[in-house]
Amino acid sequence: MSSFSENTTNQHPDRTHTCGELSEFHLGEQVVLKGWVDTRRDLGGVIFIDLRDRYGLTQIVFSPQDNPAAHEFADRLRSEYVISITGTVSLRSEETVNPILATGKIEVRVTSLLILAESEPPPFSISSHTQKAKLASEDLRLKYRYLDLRRPDLRNKMILRHQVYQVIHRYFDAEGFLEVETPTLMKSTPEGARDYLVPSRVHPGSFYALPQSPQTYKQLLMIGGLDKYVQIVKCFRDEDLRADRQPEFTQIDVEMAFATEEAIYSLTEGLMAMLWEEVLGVTIPTPFPRLTYQDAIWKYGSDKPDLRFDLPICNLSSTFENSGFRVFDQALSAGGSVLGLVIPGFGDKGRGYMDRLDKTVVRKQIGAGGLIHVRIPSDGTPPNCSVKAHVLPDEFVTGAIQSSGADTGDLLLVLCGKWPTVQEQMGTLRLHMARELGSIDERAWTFAWITEFPLLQWDEREKRYSAMHHPFTSPRTEDLELLQHDPAHVRARAYDIVLNGMEIGGGSIRIHDKNVQKQMFDALGIPKKESEERFGFLLNALRYGAPPHGGIAMGLDRIVMLLSRSTSLRDVIAFPKTQSAQEPMSGTPSTVERDRLQELNIQSIPKSE
RNA sequence: GGUCCGGUAGUUCAGUUUGGUUAGAAUGCUGGCCUGUCACGCCAGAGGUCGCGGGUUCGAGUCCCGUCCGGACCGCCA
């Protein structure tokens, strides 16, 4: 075999090892490694290369003593060249051991080098040694995603994601679940998020929709007697993006016949425990604590409360009744609330701090009307309320301090407004203050179930009720009679699973009685004809012995994001989309030929203005 | 649809507050030297549509208007 050459033939020796596995146990062995040039240290007489593949880094050495021709040829090597080398594993002298590298005790002395592919200088540094602070912009890295994927950081997240898939398959198989695929081209349902539509060539003017979730299909699988269903499935929602929202995302979709809430809870808890155990080696306590929707909103101002810290919201509505302060009186007489939040140790904050908090945080970021605060100095001097005593008498301020439990040296923040807006605003403020206090334990894993969601919510724009979860969610039996005359107070058999303040899944026990399903459509204001047209197949199915059933859908991307401590979904998806739903590498979406539109019987109308 | 932040060598950034000579640094790149480095080191060199368009001005990276791209958030997301 020639000791050095260009890649002129189809032949190159088989890889014997990866760049992550060689150690002192392989001393003296002749090995073949393949990989990318990570870094090159050319000392003139001797050349060191860190060779990189999926498994790690190995230092390889080109020295004239081992093979003069290979050493001379190695002069050509540059970053990201793909090479194949043959060499001998040798021990490094004690003072040249690299303790940072898994393979740092050894190096491979190269006797033969083959360049499999050259590389232009990459547009950004992708070396394993690149510091986080010097990372190229995400924009650029997305454009060259295949280069970004070579970085250990991103690659390890893909590996972690793979591990998550494997645990899911094993767990549900052991629990007796069947993996069933549901259609990707399905019927559009106007309820809920905007659909991605696919025009039908065969049926001019008709469209398929990509699934927002396989909801109806998995219910039909239960009616079909498959008993336990699971699928790792892509879902699509044409809504604006966030750090934790992509237009296409992956759900762990689960449905069980004869399920109760308790069955779903323990099944889900078992999966989470296994994931955390096998992926992170962390034991998480089960069962998870439960919180009703009402309690979550009132105490934490969110239906996905971050429970890694306490900092509860207190209701000061009764304390401030008839206070004479117009802002409070107006809010209360309109059926709203006055809420307080105690920030321990912030009672000595200055005027400037309070002004900034009010202006930039409360008004600008949170969008609340304005912040009222009471500072209780730590030196024992009287409390200092931002509303003067002739407008809000002292007795009410004292009362608020007492009922909120604020102490000397604390700061009491007060917001007022209508339900649930003010609760949610206070919830955002709670999160902000927790970050300022530094009271969020970044290493904690705090799971919780949120239960007893309302079945319906009033849609101000449409002037009708809409389903909070989806139209197939079962009301609680004891609330069923309210559906006619007090729909807002009907509680659903719906639940969300929350981790560290992020919703990672949600589900419900479904309606399996066709009369209840019809009542539900009535409550949603969907005319009989329309419900027949849209969901007739489901209503039909409910006529033929539908078992009680229920399930859950978990956001796989979000779970992987949390497991890998990423701050964006984009970091755990191989080819994600940007905030404007584009994919910068391939330039998706793009226009198509006029012919192809014609074939589909559709026309593109230019956007006006 | 809205609010806010950003866009300057290949890359990461400074320079914009207060307009003024030839737009800097680090890193990468190219060439040279170097036999134990490990983000090697030393010397030299090349490298710029200051996102784009318009305006104000004697003069714009800097001020104004518009626009595009990226990001965070609000609306939206059953």
Side-chain angles (χ1 to χ4, degrees), chain A residues 38-50 57-66 71 78-79 92-101 103-104 107 109 120-144 189-195 212-213 215 235-247 249 360-361 363-368 421 424-425 428 432 453-457 459-462 465-473 492 494 503 506 508 520 524 526 553 555 567-568 570 577-580 582 584 609:
Chain A
D38 189 85
T39 39
R40 173 182 68 119
R41 293 178 290 279
D42 182 354
L43 274 63
V46 59
I47 298 172
F48 297 97
I49 300 277
D50 285 340
L57 286 181
T58 299
Q59 172 165 284
I60 62 176
V61 193
F62 294 89
S63 112
Q65 284 85 33
D66 299 323
H71 172 257
R78 293 292 183 274
S79 289
R92 298 200 199 182
S93 68
E94 201 150 314
E95 62 277 12
T96 60
V97 163
N98 185 345
I100 300 162
L101 231 52
T103 59
E107 62 192 7
R109 308 190 69 91
E120 292 178 21
F124 55 90
S125 167
I126 54 190
S127 158
S128 299
H129 302 289
T130 305
Q131 305 288 313
K132 198 146 204 169
K134 284 199 167 179
L135 256 188
S137 70
E138 193 181 6
D139 191 16
L140 188 74
R141 288 186 289 120
L142 283 175
K143 196 168 171 186
Y144 297 91
T189 57
E191 291 288 314
R194 215 171 281 123
D195 283 326
Q212 296 176 31
S213 89
Q215 183 58 40
C235 300
F236 306 84
R237 291 178 192 175
D238 186 6
E239 296 292 348
D240 287 350
L241 282 74
R242 290 285 188 282
D244 61 354
R245 259 160 48 188
Q246 282 274 308
F249 58 100
T360 66
V361 179
R363 289 172 198 265
K364 233 173 185 168
Q365 290 175 29
I366 300 178
T421 313
E424 283 163 8
Q425 289 167 344
T428 311
H432 176 89
F453 274 83
L455 185 69
L456 305 163
Q457 60 192 351
D459 186 328
E460 194 51 50
R461 265 194 335 199
E462 302 260 327
Y465 282 100
S466 66
M468 193 148 177
H469 187 53
H470 57 56
F472 318 109
T473 302
E503 181 200 326
S508 63
M520 181 68 179
L524 292 170
I526 303 173
T567 51
S568 162
R570 295 185 295 275
K577 294 193 169 46
T578 65
Q579 199 162 62
S580 57
Q582 289 168 308
E609 315 292 292

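Lettering follows sequence order; numbering is per chain, from 1. No experiment lies behind these values; they were computed from the predicted model shown.
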Participant: B:G10 and B:G1: how far apart are their P atoms, nearest whole angstrom?
Facilitator: 33 Å

Participant: Establish, with yes or no, whether the OP1 or OP2 oxygen of B:U12 is under 4.0 angstrom from a side-chain nitrogen or oxygen of A:Ser137.
Facilitator: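 So the side-chain polar atoms of A:Ser137 do come within 4.0 Å of the phosphate oxygens OP1 or OP2 of B:U12, strictly under.
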
Participant: Can you see if the side chain of A:Gln215 gets near the phosphate of B:A78 - specifically, an N or O under 4.0 Å from OP1 or OP2?
Facilitator: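 Answer no for this pair, as no side-chain N or O of A:Gln215 is under 4.0 Å from OP1 or OP2.
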
Participant: Measuring to OP1 and OP2 of B:G70, would you say a side-chain N or O of A:Thr578 lies under 4.0 angstrom away?
Facilitator: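 For A:Thr578, the contact criterion (side-chain N or O under 4.0 Å from OP1 or OP2 of B:G70) is met.
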
Participant: Kindly say whether, by distance alone, the side chain of A:Glu107 makes a donor-acceptor pair under 3.5 Å with the base of B:G36?
Facilitator: yes

Participant: Between B:C77, B:C38, B:C40, which one does the side chain of A:Thr96 approach most closely?
Facilitator: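 For A:Thr96, the side-chain atoms sit closest to B:C38.
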
Participant: What does B:U12 pair with, Watson-Crick or G-U, if both distances are under 3.5 Å?
Facilitator: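 B:A25 - that is the nucleotide pairing with B:U12, both distances being under 3.5 Å.
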
Participant: Find out whether A:Gln59 and A:Asn98 are in side-chain contact, i.e. whether some heavy atom of one side chain is under 4.5 Å from a heavy atom of the other.
Facilitator: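 A side-chain contact is absent here, since even the closest heavy-atom pair is not under 4.5 Å.
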
Participant: I'd like to know if A:Ser213 reaches the base of B:A78 with its side chain, counting only an N/O donor and acceptor under 3.5 Å.
Facilitator: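 Under the 3.5 Å cut-off, the side chain and the base do form a donor-acceptor pair.
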
Participant: Side chains of A:Ser128 and A:Asp38: any donor to acceptor distance under 3.5 Å?
Facilitator: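 There is such a pair between these side chains.
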
Participant: For A:Leu241 and A:Lys577, work out which heavy atoms get closest and say how close.
Facilitator: CD2-O, 4.1 Å

Participant: So, does A:Arg41 get its side chain near the phosphate of B:U37, meaning an N or O under 4.0 Å from OP1 or OP2?
Facilitator: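 For B:U37, OP1/OP2 do not have a side-chain N/O of A:Arg41 under 4.0 Å.
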
Participant: Ignoring the backbone of A:Asp240, work out which of B:G1, B:U37, B:C73 is nearest its side chain.
Facilitator: B:G1

Participant: Is a donor-acceptor contact shorter than 3.5 angstrom present between the side chain of A:Arg570 and the base of B:G71?
Facilitator: no

Participant: At under 4.0 Å between heavy atoms, what does A:Pro123 touch on the DNA or RNA strands: base, sugar-phosphate, or nothing?
Facilitator: sugar-phosphate

Participant: Is it true that A:Arg245 and A:Asp240 have a side-chain N and a carboxylate O under 4.0 angstrom from each other?
Facilitator: no

Participant: Looking for any heavy atom pair under 4.0 Å, which part of the strands does A:Ser63 touch: base, sugar-phosphate only, or nothing?
Facilitator: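 No contact.
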
Participant: Any donor-acceptor pair, under 3.5 Å, between the side chain of A:Arg109 and the base of B:G36, if you only look at N and O atoms?
Facilitator: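 Donor-acceptor pair under 3.5 Å: yes.
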
Participant: Measuring from the side chain of A:Gln579 (C-beta onward, heavy atoms only), which nucleotide among B:G36, B:U35, B:G71 has the closest atom?
Facilitator: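 Of all the options, the side chain of A:Gln579 is nearest to B:G71.
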
Participant: Between the base of B:C77 and the side chain of A:Arg245, is there a donor and acceptor pair under 3.5 angstrom?
Facilitator: yes

Participant: With a 4.0 Å cut-off on heavy atoms, is A:His129 in touch with a base, just the backbone sugar-phosphate, or nothing at all?
Facilitator: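 The residue A:His129 makes sugar-phosphate contact but no base contact.
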
Participant: Between B:U12, B:C73, B:C38, which nucleotide has the shortest distance from any of its atoms to the side chain of A:Ala136?
Facilitator: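 Side chain of A:Ala136 sits closest to B:U12.
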
Participant: Can you tell me whether the side chain of A:Arg92 and the base of B:C38 have a donor-acceptor pair closer than 3.5 Å?
Facilitator: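 Such a pair is found, so the answer is yes.
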
Participant: Can you check the A:Ile49 CD1 to B:C38 C1' distance for me, whole Å?
Facilitator: 12 Å

Participant: Which value, in whole Å, describes the distance between the C1' atoms of nucleotides B:C73 and B:A39?
Facilitator: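 Comparing C1' positions in B:C73 and B:A39 gives a spacing of 37 Å.
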
Participant: How would you label the contact of A:Pro584 with the nucleic acid (heavy atoms, under 4.0 Å): base, sugar-phosphate, or nothing?
Facilitator: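 Since no nucleic acid heavy atom lies under 4.0 Å of A:Pro584, the category is nothing.
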
Participant: Between the base of B:C38 and the side chain of A:Arg40, is one N or O donor paired with an acceptor at under 3.5 angstrom?
Facilitator: no

Participant: For atom P, what is the distance between B:C13 and B:G7, given to the nearest Å?
Facilitator: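 These two P atoms come out 9 Å apart once rounded.
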
Participant: Taking all non-hydrogen atoms of both residues into account, name the closest pair between A:His71 and A:Gly45 and its distance.
Facilitator: NE2-O, 3.1 Å

Participant: With rounding to the closest Å, how many angstrom separate the C1' atoms on B:A72 and B:C33?
Facilitator: 49 Å

Participant: As a test of reading the structure: which of B:C69, B:C38, B:A78 is closest to the side chain of A:Asn98, going by heavy atoms?
Facilitator: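 The nucleotide sitting nearest to the side chain is B:C38.
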
Participant: Can you check whether A:Thr421 reaches A:Glu424 side chain to side chain, under 4.5 Å on heavy atoms?
Facilitator: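 A:Thr421 vs A:Glu424: side chains apart.
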
Participant: In whole Å, what separates the C1' atom of B:U56 from that of B:U12?
Facilitator: 34 Å

Participant: Under 4.0 Å between any heavy atoms, over every strand shown, what does A:Leu101 touch: base, sugar-phosphate, or nothing? Just pick one.
Facilitator: nothing

Participant: Would you say A:Arg141 reaches B:U11's phosphate, i.e. side-chain N/O to OP1/OP2 under 4.0 Å?
Facilitator: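 For A:Arg141, the contact criterion (side-chain N or O under 4.0 Å from OP1 or OP2 of B:U11) is not met.
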
Participant: Select base, sugar-phosphate, or nothing to describe what A:Asp42 touches, counting heavy atoms under 4.0 Å on all strands.
Facilitator: base

Participant: Are any of A:Ser580's side-chain N or O atoms less than 4.0 Å away from OP1 or OP2 of B:G70?
Facilitator: yes

Participant: Is the phosphate of B:C74, meaning OP1 or OP2, less than 4.0 Å from a side-chain N or O of A:Gln425?
Facilitator: no

Participant: Rounding to the closest angstrom, what is the interatomic distance between B:A9 and B:C76 at atom C1'?
Facilitator: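 To the nearest whole Å, 41 Å.
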
Participant: Which value, in whole Å, describes the distance between the C1' atoms of nucleotides B:C69 and B:G51?
Facilitator: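 These two C1' atoms come out 8 Å apart once rounded.
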
Participant: Quantified in whole Å, what is the P atom distance between nucleotide B:U62 and nucleotide B:U8?
Facilitator: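 B:U62 and B:U8 have their P atoms separated by 14 Å.
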
Participant: Output the rounded distance in Å from CG (A:Asp238) to P (B:A78).
Facilitator: 12 Å

Participant: Pick the closest RNA chain B nucleotide for A:Pro121 and for A:Val61 by heavy atoms, then say which residue is nearer the 5' end.
Facilitator: A:Pro121

Participant: Looking at the side chain of A:His470, which of B:A78, B:C69, B:C38 is the nearest nucleotide?
Facilitator: B:A78

Participant: Reckon A:Gln65 touches a base, only the sugar-phosphate, or nothing at all at heavy-atom distances under 4.0 Å?
Facilitator: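 Since a base atom lies under 4.0 Å of A:Gln65, the category is base.
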
Participant: When you measure from the side-chain N and O atoms of A:Arg78 to the phosphate of B:U30, is any distance below 4.0 Å, counting only OP1 and OP2?
Facilitator: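 Affirmative; the distance criterion is met.
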
Participant: Select base, sugar-phosphate, or nothing to describe what A:Asp139 touches, counting heavy atoms under 4.0 Å on all strands.
Facilitator: sugar-phosphate

